[in-house]
Amino acid sequence: MEENTVVKCTDCGSRNLGEDFVRGERSCLDCGLVLAENIIDPGQEWTDYDGDKSRARAGPPTSVLWHDKGLSTDIHWSNIDFAGKRITGAKRSQLFRMRKWQRRARSFSSFERNMESALTEMSRLASLMDLTKAVKEEAAVIYRKALEKDMVRGRSIDAMVAASLYLANQKLKTARSLDDFERHSRLKRKAITRAHKSMKANLKLRIAVSEPEEYVPRFCNLLGLPPEIVLATKNLLLDARKRELTHGKSPTGVAAAAVYVAARLNQRPRTQREIADISGVTEVTIRNRYKEIVDELGIDLD
DNA sequence: ACACGTAGAGAACTGGT
DNA sequence: ACCAGCACTCTACGTGT
């Protein structure tokens with residue numbers, strides 16, 4: 001398929017490579033060297049919302065006029081036939097089975113209908129906000145979980161959709177502010193935060209608590225710093241963690257500051273501006289964090 | 001050019017009511 | 001459900017080397 005696929009890190013020779021289709025990078029998991037950029041996600045083009053590997057989806061009702069057709073018909077709970085006679089034996093257990101399947105069919109269809117309209121709104125919002133496909137898919141998974149837990153009933157689908165996208169962005173580290181959502185969805189801020197809150201409380205979302213270490217290889221690579229600096233930075237972060245300098249701070253800020261210190265200590269200085277540009281944190285934050293680090297760890301930079 | 005510090009505002013979380 | 005207070009980061013400055 002890809003004839004030029006790198007199998008070994010060109011720097012340290014490790015075969016321990018990883019691919020990140022969100023960022024579009026293939027990189028060495030040991031030294032962090034980015035070996036390829038803009039790689040293509042070979043995954044399926046469509047989303048398997050059903051989890052059954054079929055591309056089939058239950059569509060919306062073809063017409064409101066047909067709304068009650070078929071599935072909404074009730075099988076009465078009492079085991080009495082049209083003539084008022086009790087139904088027994090095999091007939092009776094057949095009825096039980098029929099009721100069971102009817103329940104399933106009905107809830108399945110309303111589930112899919114909800115999902116369908118949620119996905120429509122999700123696509124609308126996502127394209128308005130320029131969100132990636134990966135984010136949309138993540139959000140769809142989150143929303144589906146919420147729906148399965150029956151958390152959408154009584155709330156607006158739109159609010160839950162917005163919250164799903166919000167969480168998906170967080171999870172994929174492409175966070176958007178609530179302001180962005182308020183601007184593009186005609187929802188009130190409160191509606192979104194409420195939905196967000198209940199989702200966060202009820203779904204066991206593993207929004208990976210990102211650690212500063214995760215950013216180090218990438219930052220160093222972008223700054224043209226060698227693997228030694230990656231190592232030095234990570235050691236620095238280890239000490240910083242022990243002194244609780246990393247708690248409650250943005251991991252990117254801490255990582256950027258640690259890189260700044262390590263680079264200077266190893267005679268490969270980079271300016272705060274350079275680091276700020278590639279890390280997405282400001283010089284001010286780098287200053288604040290790196291001050292804490294050198295003060296607490298008793299590092300002399302001169 | 002670079003580093004440093006500060007003020008004010010905004011975002012998101014917490015706890016009290 | 002709502003508000004006030006919070007710790008943190010950002011923007012936008014001015015100052016110092």
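Sequence lines set the chain letters: A, B, ... in the order given, protein chains first and strands last, and positions in each chain run from 1.
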Taking for each residue the nucleotide of DNA chain B with the nearest heavy atom, is it Arg189(A) or Arg270(A) whose nucleotide lies nearer the 5' end?
Arg270(A)
Quick one: on DNA chain B, does Arg273(A) or Leu178(A) contact a more 5' nucleotide (nearest heavy atom)?
Arg273(A)
When rounded to the nearest 0.5 angstrom, what distance separates [atom1] in [X] from [atom2] in [Y]?
X	Y	atom1	atom2	value
Leu147(A)	Ile142(A)	CG	CD1	13.5 Å
Gln272(A)	Tyr290(A)	CD	OH	6.0 Å
Lys200(A)	Tyr166(A)	NZ	OH	8.0 Å

Counting just side-chain N and O atoms, does [X] come under 4.0 Å of either OP1 or OP2 of [N]?
X	N	answer
Thr282(A)	dC10(C)	yes
Tyr290(A)	dC4(B)	yes
Lys291(A)	dA3(B)	no
Arg194(A)	dC2(C)	yes
Ser250(A)	dT9(C)	yes

Under 4.0 Å, counting only non-hydrogen atoms across every strand here, what does Lys197(A) touch: a base, just sugar-phosphate, or nothing?
nothing
For Arg243(A) and Glu296(A), what are the C-alpha separation, side-chain angles and deciding distance, and is it a salt bridge (charged side-chain N to carboxylate O under 4.0 Å, His left out)?
CA-CA 8 Å; Arg243(A) 306 284 184 108; Glu296(A) 279 291 322; 3.7 Å; yes
Separation of atom [atom1] in [X] from atom [atom2] in [N], rounded to whole Å:
X	N	atom1	atom2	value
Asp277(A)	dA1(B)	CG	C1'	14 Å
Leu301(A)	dC4(B)	CG	C1'	14 Å
Glu283(A)	dA1(B)	CD	P	13 Å
Ile275(A)	dC2(B)	CD1	P	12 Å
Asn288(A)	dT11(C)	CG	C1'	13 Å
Arg264(A)	dC4(B)	CZ	C1'	11 Å
His196(A)	dT14(B)	NE2	P	11 Å
Lys249(A)	dT9(C)	NZ	C1'	12 Å

On DNA chain C, does the nearest nucleotide to His247(A) precede the nearest nucleotide to Val284(A) from the 5' side, or the other way round? Give the residue.
His247(A)
Do Thr285(A) and Thr282(A) have a side chain donor and acceptor closer than 3.5 Å?
yes
Say whether Tyr143(A) and Asn114(A), considering side chains only, have a donor N or O and an acceptor N or O under 3.5 Å apart.
yes
Which of these nucleotides, [options], is closest to any side-chain atom of [X]?
X	options	answer
Gln272(A)	dT9(C), dC4(B), dC2(B)	dC4(B)
Lys200(A)	dC13(B), dA12(B), dC2(C)	dC13(B)
Thr285(A)	dT9(C), dC2(C), dC4(B)	dT9(C)
Val281(A)	dA3(B), dC10(C), dC2(C)	dC10(C)
Thr271(A)	dG5(B), dA12(B), dA3(B)	dA3(B)

